[in-house]
Amino acid sequence: MRWSRYYLFTSKEVPKEAEIASHKLMIRAGLIRKHSAGIYSYLPALWRSIQKFSNIVREELDRKGAVELQMPAVQPAELWKESGRWYEYGKELLRIKDRHNRDFCFGPTHEEIVTAITRADIRSYKQLPFNLYQIQVKFRDEIRPRFGLLRAREFIMKDAYSFHSTRESLDETYNDMRDAYSRILERSGFKFSVVEAATGAIGGSVSHEFVVFADHGESLVITCPKCGYAANVEKASFYIEPKKYNKVNFEIVPTPGKSRVKEVADFLGVSTDSIVKTLIYKTPEKLIAVAVAGDREVSEEKLRGVLGTQGELADDKTIEDITNAPVGFAGPVGLSEEIELLVDKSAAAIEYFVCGANKKDAHIVGATWDKVGKFKIVDIAEAKKGDKCVRCKSLLKVYRGIEVGHIFKLGTKYSEAMKCYFLDKDGKSKPVVMGCYGLGIGRSVAAAIEQHHDDKGIVWPVAIAPFECVVMPLNTDNTTVVSEAESIYSQLKEKGIDTIIDDRDERAGFKFKDSDLLGFPLKVIVGAKTIKEGKVEIELRKDGSRLEVKTSDVVSKVGEILSDHKNLSLVSVR
RNA sequence: CGGGGCGUAGCUCAGCUUGGUAGAGCGCACGGUUCGGGACCGUGAGGUCGGAGGUUCAAAUCCUCUCGCCCCGACCA
């Protein structure tokens, strides 16, 4: 590619709307153009990176026997009504009407469509399993798009859906996909972690996230450096350390106006972890009381797992009705029998605790669980810094990262709702067992920049760089320099090395700054100084190191360095 | 959805308080000097001041409405 004829325009200005590195650099390097909140064009250079990453994805999925297809972006409402998600998905689903006033949506994901396809074809267990995938534009009307491609509304995603006659078969494919994702990320030069995750709006039972480490990531990941346990903070379990408690006599004490945990703790002179905090949640069907230790938060994702449905905090009026007290004075002791009580492990472990008295301006001290009616002990508190591993009791670490992939065991949620059945060996009709596997393409590429950049610009991993190599004739008025550069450029292309020549009539410094910003892994510098001796320089973007080589050796040397780097990025970093 | 901020040249922004000829830097075009880490000098092109309405002799500036963008928050007792 000739830079002078390519569509690649950089800028010195630091964009005002961008806050994090990948977003700023993508704008400065001329890789994206924003049209609306969370809606972008991918300009040619970035599109090359996206294509390279997509092709790695294809190679690794094809290797596992997955089959590519393409499904519609605009989907009829009927299918979403069948699965029930037309009513559940909420405002993130972009709903549109056609000229006949019929309802459609712009697909945020494709379980409905893929199930509509397969239910028409699947008859027998003999056809199973199979795994279908596509790389396609999705739309999710996010509450607040931000960070450029990291949280866009329109984005490119690889989504795969597998279909099975048995759970065991699903397990097999699930593990295959897990391997494929790991290979994809390794080949693309990511440092990442595979973590247990909550299933969210997609549904299903088991799921894992692929989280690329980044200081500005939106996901919090808990890992155990000793035994390798890793989970999203929304899902992570932790070890509750047994403590010795001194006996405290049961007593109802006045706590006027002290409704928050911190206030009660200060007022009574106790620590927050000896308080039991009681929250009232509501689901579409019922009210639930939830108790956690005062120094902990409820993980709504964990709660969703226990309830099997999304719960939300009840409004003030409901709380007053059920607890006979204003908000802030609920407690498990003496709570109405009408409401189910879930007690987190963290709260259940406290022998003598402080809690709301279900009475205005009063708390109980010295409460014990034998004074509480029926309750169930569950794991619904969020892990936090300083917690210990549920498996090996080592100190857990908390990392920030970007969730680039998420794989789920869906089970029969969609196949039952949408009647995708097959006839099994025993002659009985059964719902197909499904898995689904998402990987954010644009997000991954943005995450790569987030993970690989310095103060000069992007430092692309070789595998997904827009170009592997840039040839830079520094003195465009020197005919030897120009002709040597052109010759090297043709030879590199000949050898299949992805090369751009910076043939623009610009000064040397300008070209250096631009290619540093763009982050091409290798520069071949052709200048008047060295060409006199029949030499050029090769510079590595990674560390700025240079070596002089004879013009006759450049091509083989470049090939050598690039293959070294490709191999390097294959080394597992977990 | 709630709160805050912004919208003026291709980009980043000043001007608005106190109404009166629309500015700077970068970028762009041309000429000259320069030429291995975002050069310098000169000349020049380029703006319905987000949009609509209003007040006024006169509106980028004041008022009303509206659209868009950015940031923070969205209930944990």
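Throughout, protein chains are lettered first and strands after them, A, B, ... in sequence-line order, and every chain is numbered starting at 1.
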Checklist entry - Could one point to a donor on the side chain of A:Arg144 or the base of B:G2 with an acceptor on the other under 3.5 Å away? => result no

Next on the checklist: Taking B:C40 as the reference, what is the distance to B:C26 when you measure between their C1' atoms (whole Å, please)?
Outcome noted: 15 Å

Checklist entry - Closest to the A:Arg507 side chain: B:C76, B:A39, B:G38? => result B:A39

Item to check | Length of the line joining A:Arg146:CZ and B:A74:P, which is rounded to integer Å | outcome: 10 Å

Next on the checklist: Salt bridge check, A:Arg400 against A:Asp215: does any charged N sit closer than 4.0 Å to a carboxylate O?
Outcome noted: no

Checklist entry - B:C75 P sits how many Å from A:Ile280 CD1, rounded? => result 17 Å

Next on the checklist: At 4.0 Å (heavy atoms only), tell me whether A:Glu539 reaches a base, stays on the sugar-phosphate, or touches nothing.
Outcome noted: base

Next on the checklist: Under 4.0 Å, heavy atoms only, any strand: does A:Val292 hit a base, just the sugar-phosphate, or nothing?
Outcome noted: nothing

Item to check | Spacing between A:Arg546 atom CZ and B:G36 atom P, to the nearest angstrom | outcome: 12 Å

Item to check | Nearest-angstrom distance, P atom, B:U34 to B:U21 | outcome: 44 Å

Next on the checklist: Looking at A:Glu13 and A:Arg28, is there a salt bridge between them, counting it only when a charged N and a carboxylate O are closer than 4.0 Å?
Outcome noted: no

Next on the checklist: By the 4.0 Å heavy-atom rule, please label A:Glu320 as base, sugar-phosphate, or nothing.
Outcome noted: nothing

Next on the checklist: Which nucleotide, if any, forms a Watson-Crick or G-U wobble pair with B:C11, using both distances under 3.5 Å?
Outcome noted: B:G25

Next on the checklist: If you go through the side-chain atoms of A:Glu13, does one of them form a donor-acceptor pair with the base of B:G10 closer than 3.5 Å?
Outcome noted: no

Checklist entry - Which part of the nucleic acid does A:Glu300 contact within heavy-atom distance under 4.0 Å: base, sugar-phosphate only, or nothing? => result base

Checklist entry - On a whole-Å scale, what distance lies between the P atoms belonging to B:G51 and B:U8? => result 10 Å

Next on the checklist: Just to be sure I understand the rule, does A:Arg260 reach a base, reach only the sugar-phosphate, or reach nothing, if contact means heavy atoms closer than 4.0 Å?
Outcome noted: sugar-phosphate

Item to check | Ring centres under 6.0 angstrom apart (A:Trp80, A:Tyr89) | outcome: yes

Item to check | RNA chain B: 5'-proximal contact among A:Lys277 and A:Ile143 (nearest heavy atom) | outcome: A:Ile143

Checklist entry - Should A:Ile531 and A:Thr551 count as side-chain neighbours, where that means a heavy-atom distance under 4.5 Å? => result yes

Checklist entry - For B:C6, what is the paired nucleotide under Watson-Crick or G-U wobble rules, both distances under 3.5 Å? => result B:G68

Checklist entry - Expressed in whole Å, how much space separates the C1' atoms belonging to B:G23 and B:C49? => result 12 Å

Checklist entry - Nearest-Å distance, CD1 (A:Ile538) to C1' (B:G36)? => result 17 Å

Item to check | Selected nucleotide, minimal atom distance to A:Ala37 side chain, candidates B:G27, B:C70, B:G36 | outcome: B:C70

Checklist entry - Counting side-chain heavy atoms from C-beta on, which of B:C76, B:G36, B:G38 comes nearest to A:Leu279? => result B:C76

Checklist entry - How long is the line joining CG of A:Asp505 and P of B:C28, in whole Å? => result 12 Å

Next on the checklist: For a quick test of reading the model: is some side-chain N or O of A:Lys12 closer than 4.0 Å to OP1 or OP2 of B:U12?
Outcome noted: no

Item to check | Side-chain ion pair, A:Asp103 and A:Arg95, N-O less than 4.0 Å | outcome: no

Next on the checklist: For A:Lys376, I'd like to know if atom NZ has over 12 heavy atoms of other residues, nucleotides or ligands within 6.0 Å.
Outcome noted: no

Checklist outcome for this item: A:Glu297 has its side chain closest, among B:C76, B:C72, B:C69, to B:C76

Next on the checklist: For B:G38, give the paired nucleotide (Watson-Crick: N1-N3 plus N6-O4 or O6-N4; G-U: N1-O2 and O6-N3; both under 3.5 Å), or none.
Outcome noted: none

Next on the checklist: In terms of relative ring orientation, are A:Trp369 and A:Phe375 parallel, tilted or perpendicular, with 30° and 60° separating the classes?
Outcome noted: tilted

Item to check | Distance, P atom - from B:G19 to B:G10, rounded to whole angstrom | outcome: 29 Å

Item to check | P gap between B:U17 and B:G7, integer Å | outcome: 14 Å

Checklist entry - Does B:A45 pair with anything, Watson-Crick or G-U wobble, both distances under 3.5 Å, and if so, with which nucleotide? => result none

Item to check | Separation between the C1' atoms of B:A74 and B:G3, rounded to whole Å | outcome: 11 Å

Checklist entry - Within the structure shown, what part of the strands sits under 4.0 Å from A:Lys34 by heavy-atom distance: base, sugar-phosphate, or nothing? => result sugar-phosphate

Item to check | Sidechain N-carboxylate O distance under 4.0 Å for A:Arg546, A:Glu537 | outcome: yes

Checklist entry - In whole angstrom, what separates A:Lys384's NZ from B:C76's C1'? => result 13 Å

Checklist entry - With sugar-phosphate meaning primed atoms plus P, OP1 and OP2, does A:Ser36 contact a base, only sugar-phosphate, or nothing at under 4.0 Å between heavy atoms? => result sugar-phosphate

Checklist entry - Do you see a donor-acceptor pair shorter than 3.5 Å between the side chains of A:Thr476 and A:Asp505? => result yes

Next on the checklist: I want to confirm an ordering. Mapping A:Leu517 and A:Val14 to their closest nucleotides on RNA chain B, which one lands closer to the 5' end?
Outcome noted: A:Val14

Item to check | Side chain of A:Glu19 - closest among B:C76, B:A39, B:C71 | outcome: B:C71

Checklist entry - How far, in whole Å, is B:U61 from B:C1 if one measures between their P atoms? => result 28 Å

Checklist outcome for this item: Any strand, both distances under 3.5 Å, Watson-Crick or G-U wobble: B:U18 pairs with none

Checklist entry - Who is the Watson-Crick or G-U wobble partner of B:C1, with both distances under 3.5 Å? => result B:G73

Checklist entry - How would you label the contact of A:Ser515 with the nucleic acid (heavy atoms, under 4.0 Å): base, sugar-phosphate, or nothing? => result nothing

Next on the checklist: How many whole angstroms separate atom CG of A:Asp344 from atom P of B:C76?
Outcome noted: 18 Å

Checklist entry - A:Asp514 side chain: which of B:U12, B:G38, B:C76 is closest? => result B:G38

Item to check | Between P of B:G73 and CD of A:Glu218, the distance in whole Å | outcome: 11 Å

